[in-house]
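I have placed the structure first, in the form of structure tokens, so that the comments after it can refer back to it.
Letters go in sequence order (proteins before strands), and every chain restarts at 1.
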Amino acid sequence: MKNPERSAALARALAAQTEDLPKDFAKQVASLAEAEDKSSPWSWNDVGLLGAFVAMIGVCVAGWFTFGASESGTAEWFDPVIGTVTTQPWLVIGVVGIAIVQLMTFRRRATT
Amino acid sequence: MNQELDERARVRAVLDRQAGAFEALVRDYQKLCWHIVFRMARNPDDARDLCQETFLRVHRQLRQFRFECPLKSWIGRIAYSIALRHLERQRATPVTHFDEGEGELEALADASFDLETESGDEQTALRLREGVDALPAIPRTLVTLYHLEELSISEIATITGMSEGTIKSHLFRARLSLRDWLHRRGVSAP
């Protein structure tokens, strides 16, 4: 299919539109963007989400130590996990970091 | 190549927060943004808000721009997606393609209508403008990008995410609709 011919008449008709952006639109947007830069990159929404995530992990851990460990009698399978956590803190930080990044990415996709 | 170097320098200036760099960028692309958003949204107040939203998003995401397409197309794509989202929120889901045979459409639009002759006088130009306003949102925007902004079909495809064939179909069909519009209002074809 070949390209349609351009029409100067259509261009003229479209260009004659009276509505436009305000004269100082660029200045306004630039100051808004600057204000956005100066504000904290963390919104309350982000802080709330992170807090909820940490609280959820905390509840799981506390729940395990309160109920899970005693009911299972022996926690021999859990010991290596605890051992890893205490001896490999960077691994734990990495896993938690990935989880947070995933959460934030999901949130960004959901809001844009 | 030069264009890409210029764009790199200009993006770098904005990212380095050089005074006036972002304002200059907005000034250069605000017309394109307005043409996209206003043709989609129609309401001038909504369109102004959407343009502002577009450039704030450009500012936030400029670090992610990888120069895979011209900056103009990238900004246009953001404007288009924001306007499209706005339309969808209003439940005015736009039609994105036509079902008719493309070849047939092309022949009809080209053989029987000369817009340049038709719109010679002021009154007809006004009718033509009304005709464009009466088109659905997507064709109206495509007509503006092609005839007013003089973007190439491939640039429009980058902005809208549509295939080139679909864009051409929209443009041919829009031309036919405009012909009908003028004829119904007593402007006869030569």
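Neither the backbone nor the side chain of B:E149 comes within less than 4.5 Å of any heavy atom in chain A. In this structure, chain A has heavy atoms under 4.5 Å from both the backbone and the side chain of B:V143.
Under 3.5 Å, the side chains of B:S163 and B:T166 contain a donor-acceptor pair of N or O atoms.
Near-neighbour residues of residues 17-33 of chain B relative to chain A, defined by a heavy atom under 4.5 Å from a heavy atom of that chain, comprise B:R17, B:F22, B:E23, B:V26, B:R27, B:Q30, B:K31.
For B:E130 and B:R127, the salt-bridge test passes: some basic side-chain N is under 4.0 Å from an acidic carboxylate O. The existence of a salt bridge linking B:D45 and B:R48 is confirmed by a sub-4.0 Å separation between a basic side-chain nitrogen and an acidic carboxylate oxygen. The pair B:R60-A:E36 meets the salt-bridge criterion, since a charged nitrogen lies less than 4.0 angstrom from a carboxylate oxygen.
Note: B:W34 and B:F38 have parallel aromatic rings, judged against thresholds of 30 and 60 degrees for the angle between ring planes.
In this structure, B:R129 contributes its side chain and A:L14 its backbone to no donor-acceptor pair below 3.5 Å.
For the pair A:R6 and B:Y146, the cation-pi criterion (under 6.0 Å, within 45° of the ring axis) is fulfilled.
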